[in-house]
Amino acid sequence: MPGTIKDKVAIIGMGCTQFGELWDKDVDDLIIEATYEALEDAGVEIKDIEAAWFGTMASGVTGAALAAPLKLNYIPVTHVENACGTGAETLRGPAFAIAAGVYDICLSVGVEKMKDTGYGGLHTLRLQSDKWHPIYVGGGTGPGRYALAATRYFSKYGLSPEEGKRMLAKISVKSHHNGARNPKAHLRIEVTEEQVINAPMIAWPLGLYDCCGVTDGASAAVLCRADMAKNFRDDYITIKGSGISVGPSWGKQKEDYDYTFWPETEAACKQAYEMAGIKNPRKELDMAELHDCFSIAEAIATESAGISERGRVKEDVDAGVFTQEGEIPINISGGLKSFGHPIGASGGREVYEFYKQFQGKAEDPSRQLKNVRLGLAHNQGGHPGRFQCGVTIIGAP
Amino acid sequence: MEGIISYGAHIPIYRLSREILNQVWGGRGKGEKAIANVDEDSMTMGVEAARNCLKGIEKSSVDALYFASTTPPFKEKQSASIMAAALDLREDIIAVDLTDSLRSGTIALRMALDAVKAGSAKKVLVVASDCRIPPPNSALEPLFGDGAAAFLIGEGGIAVEIEGSYYLTSEFVDMWRMEYDKTTRSWEDRFIRDEGYIPHFQKAVSALLKAHNLSAKDFAKAAFYAPDARLHSDMAKRLGLDAKTQVQNPLFDQLGNTGTAFAPMILVGALEEAKPGDRILLANYGDGADAHVLRVTEGIEKIKDRRGIKKNLESKLMLDNYGKYIKFRSLMQFAETTDYRPRTSLPQLWRDRQWVFRFHGHKCKKCGKTQFPMQQFCMYCQAPEEFLEEIPLSDRKGTLFTFSMDERAPVVDPPNVLGVVNLEGGGRFFSQMTDRDVNNIKVGMPMEVTFRRIHDALGVHNYFWKCKPVRE
């Protein structure tokens with residue numbers, strides 16, 4: 001019988017660097033900046049940290065990559081990696097250790113330095129080839145693989161390419177509208193539906209504005225036992241549920257895999273909803289940060305998280321359900337789309353948004369949501385057919 | 001009786017119009033020529049021709065594979081062995097590359113026939129293929145085309161009898177490549193015509209006709225080599241052939257001179273139209289000449305379903321600019337990319353050889369599901385390896401389940417099209433899509449698989465399968 005970590009672990013301090021193309025900042029600079037913002041916010045010192053978790057896909061190996069810049073002294077440091085879903089993993093480790101009663105105060109840091117490579121795409125250090133194989137399958141990229149889902153979604157639900165692209169454009173317009181007002185976001189520009197639809201093609205049917213940016217950044221959190229959180233602050237937040245799902249990862253090759261819904265997201269949400277006691281996510285959640293590396297990713301995640309019914313997200317998008325004024329705002333931060341997506345940092349950054357919103361401290365008051373107390377952070381690595389999905393439910397205590 | 005049991009051919013889907021060469025270099029060339037796709041070479045084209053040839057024939061019945069080409073992809077490392085694996089032939093066969101002469105293909109025919117007559121092989125697969133690169137802005141550039149032909153030689157059930165042959169070997173030098181050359185060199189065309197092609201060719205054909213007491217009028221068709229269209233019609237006249245009825249179209253304006261594959265491909269073209277009883281003259285040139293009397297049998301009717309020359313010619317995509325051709329053949333130095341370092345691992349490919357080269361998959365004896373690539377546990381029911389039966393999948397056609405077109409992927413010919421294909425009878429293949437018209441890809445369209453060169457990581461050609469829209 002699975003137990004629950006509901007309300008056992010609190011987050012008492014968070015940090016997030018400016019996201020962007022940070023030519024003047026090293027990985028170590030980003031780690032230090034995010035960590036010290038979180039420590040100062042929590043009112044704890046680095047020596048108070050009993051154990052740390054470090055998340056990055058390709059900006060460092062081993063716990064030493066965190067211990068070295070922070071000068072951590074012989075404490076346990078664990079490097080975790082689940083591709084773009086690394087962030088959720090980086091929070092889950094300390095949360096479970098604290099819930100187990102092993103530590104009182106832990107640190108979680110996620111980082112990615114994407115712009116030191118000399119080109120404009122995702123790290124090809126790990127080109128997402130299946131089985132890490134030399135020839136199987138050549139030239140696979142994030143956009144190319146997510147676009148398979150978009151093509152299938154349009155085909156299955158009878159959307160013409162124009163209808164499909166317009167649905168996706170509305171999602172990107174919304175995310176940019178949100179991110180444009182978020183000072184720490186990478187791509188702070190408003191875009192129009194026509195701009196999105198007519199943008200240069202990246203991977204048919206996904207155009208430039210259907211894809212998130214390539215971004216440097218870091219996020220950090222200080223976690224502690226929920227029963228001692230009040231010693232640090234009143235407006236702390238707690239973890240209500242956590243789920244991780246890694247599929248058997250042969251979806252692209254299995255004839256019964258459909259591409260239009262994501263079993264890993266469904267499974268991770270189910271785990272997290274059960275822990276949090278959520279029965280009707282659409283009604284109960286006040287907001288959600290969904291892993292929108294691509295517009296189609298947000299559309300399908302919305303369905304697979306149980307917020308929209310399968311095949312019905314278009315109706316909800318058209319009805320404005322996910323805008324700031326809507327029934328359940330999605331990616332009020334700007335999302336990966338506009339805020340940016342430094343791989344290891346994104347999962348923590350999503351939680352950072354809840355933290356600020358619940359505290360009423362959203363940067364730029366125009367973005368502040370009212371009466372929000374429960375949010376879903378969806379963070380996912382891999383690609384359709386081969387996902388590593390992490391879901392964290394965060395609430396006011 | 002020994003002879004040709006089956007034939008096949010492959011013509012790459014791309015054609016380069018000579019108008020495009022005129023625009024770049026000047027000139028008044030007309031027509032078009034076939035250009036190997038960026039992921040094709042003489043070996044992969046040969047595989048396609050051979051698969052076409054082996055349609056409906058038990059692969060395990062092939063005892064030897066002779067691969068003839070002046071452009072085998074490796075200078076050291078046999079191509080026929082890789083080809084044999086891609087064709088899923090038996091392991092206990094003889095495979096050989098016959099290289100360096102444009103006549104390697106017709107020489108291989110004789111060697112195959114000799115092996116069958118001697119009883120050392122019952123069936124020999126002969127594949128002739130070339131992807132010669134002409135020097136840019138040369139007289140050869142409008143002329144050269146790419147393609148392949150294949151013949152299955154054996155005893156019994158033959159479609160074509162080889163009644164007799166005459167071989168002439170000569171040290172004459174007209175075209176060549178040095179060991180460090182990428183493109184073909186040649187001497188003055190008048191020297192080649194007057195001292196090379198015309199005398200050698202005529203000598204071989206005359207000797208053959210004399211030996212068999214035949215004359216030009218005894219042939220329904222003549223399928224023969226010539227360096228270019230003008231010399232081809234000149235030779236037809238010299239041999240006393242009627243241009244309208246007896247000369248098989250040499251396809252200079254549709255295909256180009258395909259080198260080693262040229263005479264064999266023109267022969268396939270002739271056989272496609274042949275009737276039982278027809279006598280065909282086949283003649284080839286290079287390092288001498290050879291000529292052959294062929295007699296078509298009733299067996300020809302059984303193999304008319306080959307994709308061959310006609311269907312392959314009809315199905316084409318026009319290469320719309322010269323720059324793309326230059327990229328295909330890697331004829332310029334481009335900026336080094338920082339973003340893509342293709343990797344390879346020969347041990348890894350060796351371990352995976354049954355699915356990498358032979359395109360074998362697994363069928364689960366517990367749940368019945370077919371899967372690719374081969375697995376340690378069933379993808380569907382997790383049954384362990386002893387329940388997984390190895391099965392060949394390369395002959396299965398399929399339909400396109402979904403696709404994407406990646407404009408920014410690190411490939412030579414963007415977009416990189418990814419395709420998910422559900423195979424008939426089970427199995428799903430996720431792969432790159434080749435030979436595609438990017439304006440005409442639709443979910444549900446019929447697909448098939450093809451063996452292609454994936455990349456040249458770490459200085460070695462790496463091969464694997466891709467999906468492509470069905471051509472016929």
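Heavy-atom basis, side chains included; hydrogens, waters and symmetry copies ignored. Numbered from 1 within each chain, the chains take letters A, B, ... in sequence-line order.
Most heavy-atom pairs under 4.5 Å with chain A, from the set B:Y463, B:F401, B:W465: that is B:F401. Contact count versus chain A (heavy atoms, under 4.5 Å) is highest, among B:E407, B:M379, B:Q371, for B:M379. Each of B:V420, B:T370, B:V421 has some count of heavy-atom pairs under 4.5 Å with chain A, and the biggest count is that of B:V420. Ranked by heavy-atom pairs under 4.5 Å with chain A, the list B:G427, B:A457, B:S431 is led by B:G427.
Taking the side chain to side chain contact (heavy atoms under 4.5 Å, CB included) definition, one finds that B:P392 meets it with B:D88, B:H360, sequence neighbours left out. For A:R310, the side chain to side chain contact (heavy atoms under 4.5 Å, CB included) partners two or more places apart in sequence, or in a different chain, are A:Y157, A:F261, A:E266, A:E303.
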For this session: Verify side chain to side chain contact (heavy atoms under 4.5 Å, CB included) between A:H378 and A:S304, making sure each step is shown before the conclusion.
Result: CA-CA 11 Å; A:H378 166 258; A:S304 290; over 6 Å; no
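Contacts of B:V438 with chain A are absent, with no heavy-atom separation under 4.5 Å from either backbone or side chain. For a residue to count as touching a neighbouring chain, one of its non-hydrogen atoms must lie under 4.5 Å from one of that chain's; by this rule A:F154 does not touch chain B. Contacts between B:T344 and chain A at a heavy-atom distance below 4.5 Å involve backbone atoms as well as side-chain atoms.
The stretch residues 424-434 of chain B participates, sequence neighbours left out, in no salt bridge (Lys or Arg N to Asp or Glu O under 4.0 Å) pair at all.
Judged purely by atom type and a 3.5 angstrom limit, B:Q375 uses its side chain to pair as donor or acceptor with the backbone of B:P373.
By the 6.0 Å contact criterion, NZ on B:K77 is enclosed, its count of non-hydrogen atoms from other residues, nucleotides or ligands being greater than 12.
Between the side chains of A:Q380 and A:E264, not a single donor N or O lies within less than 3.5 Å of an accepting N or O. Side-chain contact of A:E81 with A:T86: a donor-acceptor pair under 3.5 Å is absent, judged by distance alone.
Near-neighbour residues of residues 192-203 of chain A relative to chain B, defined by a heavy atom under 4.5 Å from a heavy atom of that chain, comprise A:M201, A:I202, A:A203.
With a 6.0 Å cutoff to the six-membered ring centre and a 45° limit on the axis angle, A:K252 does not count as a cation-pi contact of A:Y257.
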